[in-house]
Amino acid sequence: MQFLKTYGWKLLGVLLVLYSLIAGLLLPLKPGILQVGPASFGPDTLAILHVTGYNTRFTQSTDTRVWLKLNDEFMIKADSVSVLDDNRIVVSIHIPPFLPVPEQSVDCAIIIDNSVDGAFVKPSSIFLRQDEKNLELGFAYWRKDRIEDLHTGTYMGFPYRGILEETIRNTYYHVPMWFGMIFLFLFSLFYSIKYIRGSDPWGAEKTRALNKVGLLFGILGLITGAIWAKFTWNAFWSMDVKQNMAAIATLIYLAYFLLYRSFEDPDKRDRVTSAYNIFAFVTLIPLLFIIPRMTDSLHPGNGGNPAMGGEDLDHIMRMVFYPAVIGWTLLGFWMAELVYRIQVIQHRISEHQQE
Amino acid sequence: MNKCRTDAKVYVSQNDWIRFFLKDDQNVFGVTLLLMNPIISQSWSLLRLYWALEGKSRQTLSGVFLYVLVIILVTSYIFGAPEPTVWMGIFWVILLFSAVNIGVLSYLQETGGRRLYYMQLVDPLAVYLAKSLYILLLLLMVSILTLLLMAVFHGWPVVQPVFIWFGIGLGCLGLALLFGFLAAIGSQTRSSATLSTVISFPLIIGLMMLAGKIANGGLLTGSTFDLVKMEVLMLVGLDLIIGGLGILLFTYIWRD
């Protein structure tokens, strides 16, 4: 029992991190549409579309169907689909002479479905235009086909999303850094308060150890975020509000260490840095949780919601994401404990040398 | 300072309010009742002391005024008449650095013996309140001077000054409460001026963003108070948080 209490949570942390690494990196992405061409068609033409899929297995199924979808009401089904190889198909669709909307041009999503891959979609992939309007005939053409009997696919994986593609796996390594950082800083706040109230004489050392690891997590979060941003937003740093606030948060804790080093009297140092730590954490809260919600951000889940919405995180991703968050947090606390023990040993050595 | 409290007790027990108001030598525009509280009476005395010392040496104010004047001259040489948003940016940068200077200088003046004397004599809370009020007072003076000088050298793009006053008032309050605390931390270290600046800048950014957003409302003719309601509420909240934390924690950084 004692063994479990001492080592259980560390073991759990390591296992969860290993699980998140293995599952997060090895599970494939679900099928998706990489490319569709050509992208624009006029009225009353036979469109020959070359569709390139990603992680698809077109040759294994015989029932591939393709739709052009304008919205939930209007869609047309492809006349024929010929499979070239696993990732490529050629689709021919007869584009009707009229659109069911008064606009001159519209964009359509393309939907592919078969029994092996399941159904997948690429929004805004085909542009259609019309020269004259005829809503009545347009309705007739576009209401003929229905999207029905969609398959769910036979193998599991993470969702395929345009722009994100394979980098969606970074969710399990970038986001847990912030969770870990916040938890570590919360505990450092707790120990600062305990030290200042006089109920834990080692509280200042614990605070310092937790802050060291929290700062490491923060810097790792910035680095993983910057690399991710290079692939998705095309720049390492795009002055996004959350990027800036995260940078400020790391600056605040760098200032903590600078303050720590500029004292000579250890007693005074511990007291003042603990007070600064409390002050810093509480003033950090509006920076991290309130201001980013008020400003536009490139981060997902913008507009008042945290980034845990249903669309961004499906149930397979949740099965890796939550263990990753817990695992990295536990690992952070283990690291902080080791750092703390090193600090205590250093403290003892310096005391011994003075004697 | 205790004299004031005992006097007050005597007068209140005699229920002789007129004598109470007339006799007390610390009675200034009706704040006598508040002075019954020892901490407020102490901080009031300290504030008057700081003010008297500043009036004697004029070290802080003249230094900061000179600094403001130089920056305005240099920026007017570079920008001429700047865009409204640039104008606002220059103003807040000047105010921010003035706040740093005032905070650092106010603690720099009292080292060694004088500081020990204060520590024995008054409650740390009174020191914090007096320092923050003193910084706030100087900051308001500096901001009015800055606005005047900027109107002369940079033009006056402000359409609705009400927003600017709101931004300055709440922003300066937050800055004063923040520097009352952080400059005290900095003053205890070896390199006080640099350290106060470094530890305070990341903490100021949120405050400056909110105050700047409120003040920016004054640049447009169509802006209403509803537009910045959220920012005003948040800035008031942030000021309260900073002040509350300063009051709670100042004791621990002040005593030796």
**Student:** Report the distance from atom CZ of Phe217(A) to atom CH2 of Trp328(A), rounding to the nearest 0.5 Å.
**Tutor:**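 If we round to the nearest 0.5 Å, Phe217(A):CZ and Trp328(A):CH2 are 7.0 Å apart.
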
**Student:** Do the side chain of Gln188(B) and the main chain of Ile253(B) share a donor and acceptor less than 3.5 angstrom apart?
**Tutor:**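 Checking the backbone N and O of Ile253(B) against the side chain of Gln188(B), a donor-acceptor pair under 3.5 Å is found.
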
**Student:** Please report the C-alpha distance between Met239(A) and Gln243(A) in whole Å, then the side-chain angles of each, then the deciding distance to 0.1 Å, and finally whether the side chain to side chain contact (heavy atoms under 4.5 Å, CB included) criterion is met.
**Tutor:** CA-CA 7 Å; Met239(A) 295 310 277; Gln243(A) 284 182 324; 5.8 Å; no

**Student:** Tyr173(A) side chain to Ser20(A) main-chain N or O, any donor-acceptor pair under 3.5 Å?
**Tutor:**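 Checking the backbone N and O of Ser20(A) against the side chain of Tyr173(A), a donor-acceptor pair under 3.5 Å is found.
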
**Student:** Please flag which part of Ile241(B) lies under 4.5 Å from any non-hydrogen atom of chain A: side chain, backbone, both or neither.
**Tutor:**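 For Ile241(B), the side chain is the part near chain A, not the backbone.
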
**Student:** Does any part of the side chain of Tyr128(B), heavy atoms only, come nearer than 4.5 Å to the side chain of Trp254(B), both counted from C-beta?
**Tutor:**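 With C-beta onward as the side chain, the pair stays apart.
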
**Student:** Do you know which of Ile199(B), Ile242(B), Leu249(B) has the most heavy-atom pairs under 4.5 Å to chain A?
**Tutor:**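 That would be Ile199(B).
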
**Student:** For the candidates Ala247(A), Ala255(A), Ala249(A), which exhibits the highest count of non-hydrogen atom pairs separated by less than 4.5 Å from chain B?
**Tutor:**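 Top option by heavy-atom pairs under 4.5 Å: Ala255(A).
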
**Student:** With a 4.5 angstrom heavy-atom cut-off, is it the side chain or the backbone of Met209(B) that approaches chain A, or both, or neither?
**Tutor:**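 For Met209(B), the contact with chain A is made by the side chain alone.
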
**Student:** Non-hydrogen contacts under 4.5 angstrom with chain A: give the residues of residues 164-180 of chain B involved, or none if there are none.
**Tutor:**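 Under the 4.5 Å heavy-atom cut-off, Leu178(B) qualify.
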
**Student:** Is it true that a side-chain atom of Lys268(A) and a backbone atom of Phe263(A) form a donor plus acceptor pair closer than 3.5 Å?
**Tutor:**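 Not a single qualifying donor-acceptor pair exists.
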
**Student:** Is it the side chain or the backbone of Leu251(A) that comes within 4.5 Å of chain B heavy atoms, both, or neither?
**Tutor:**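 When you check distances to chain B, atoms from both the backbone and side chain of Leu251(A) fall under 4.5 Å.
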
**Student:** Specify whether Phe97(B) and Phe201(B) have parallel, tilted or perpendicular ring planes, treating 30° as the upper limit for parallel and 60° as the lower limit for perpendicular.
**Tutor:**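 Answer is perpendicular, since the angle exceeds 60°.
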
**Student:** Please report the interatomic distance CD(Glu54(B)) to CG(Leu138(B)), rounded to the nearest 0.5 Å.
**Tutor:**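 Output value for this atom pair is 6.0 Å.
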
**Student:** Answer with side chain, backbone, both or neither: which region of Leu210(B) has an atom nearer than 4.5 Å to a non-hydrogen atom of chain A?
**Tutor:**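 Interface part for Leu210(B): side chain.
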
**Student:** Measure Leu238(B) against the heavy atoms of chain A and call it side chain, backbone, both or neither at under 4.5 Å.
**Tutor:**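 Contact with chain A: side chain only.
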
**Student:** Name the orientation class of the two ring planes belonging to Phe333(A) and Phe187(A) (parallel below 30°, tilted from 30 to 60°, perpendicular beyond 60°).
**Tutor:**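 Ring orientation, 0 to 90° scale: perpendicular.
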
**Student:** Answer yes or no for Lys206(A) and Tyr195(A): cation-pi contact, defined as NZ/CZ to six-membered ring centre under 6.0 Å and angle to ring axis within 45°.
**Tutor:**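 Here Lys206(A) fails the 6.0 Å and 45° test against Tyr195(A).
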
**Student:** Can you tell which part of Leu182(B) gets under 4.5 Å to a heavy atom of chain A, answering side chain, backbone, both or neither?
**Tutor:**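 Side chain only.
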
**Student:** Using heavy-atom distances under 4.5 Å, tell me whether Phe250(B) contacts chain A through its side chain, its backbone, both, or neither.
**Tutor:**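 For Phe250(B), neither part sits under 4.5 Å from chain A.
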
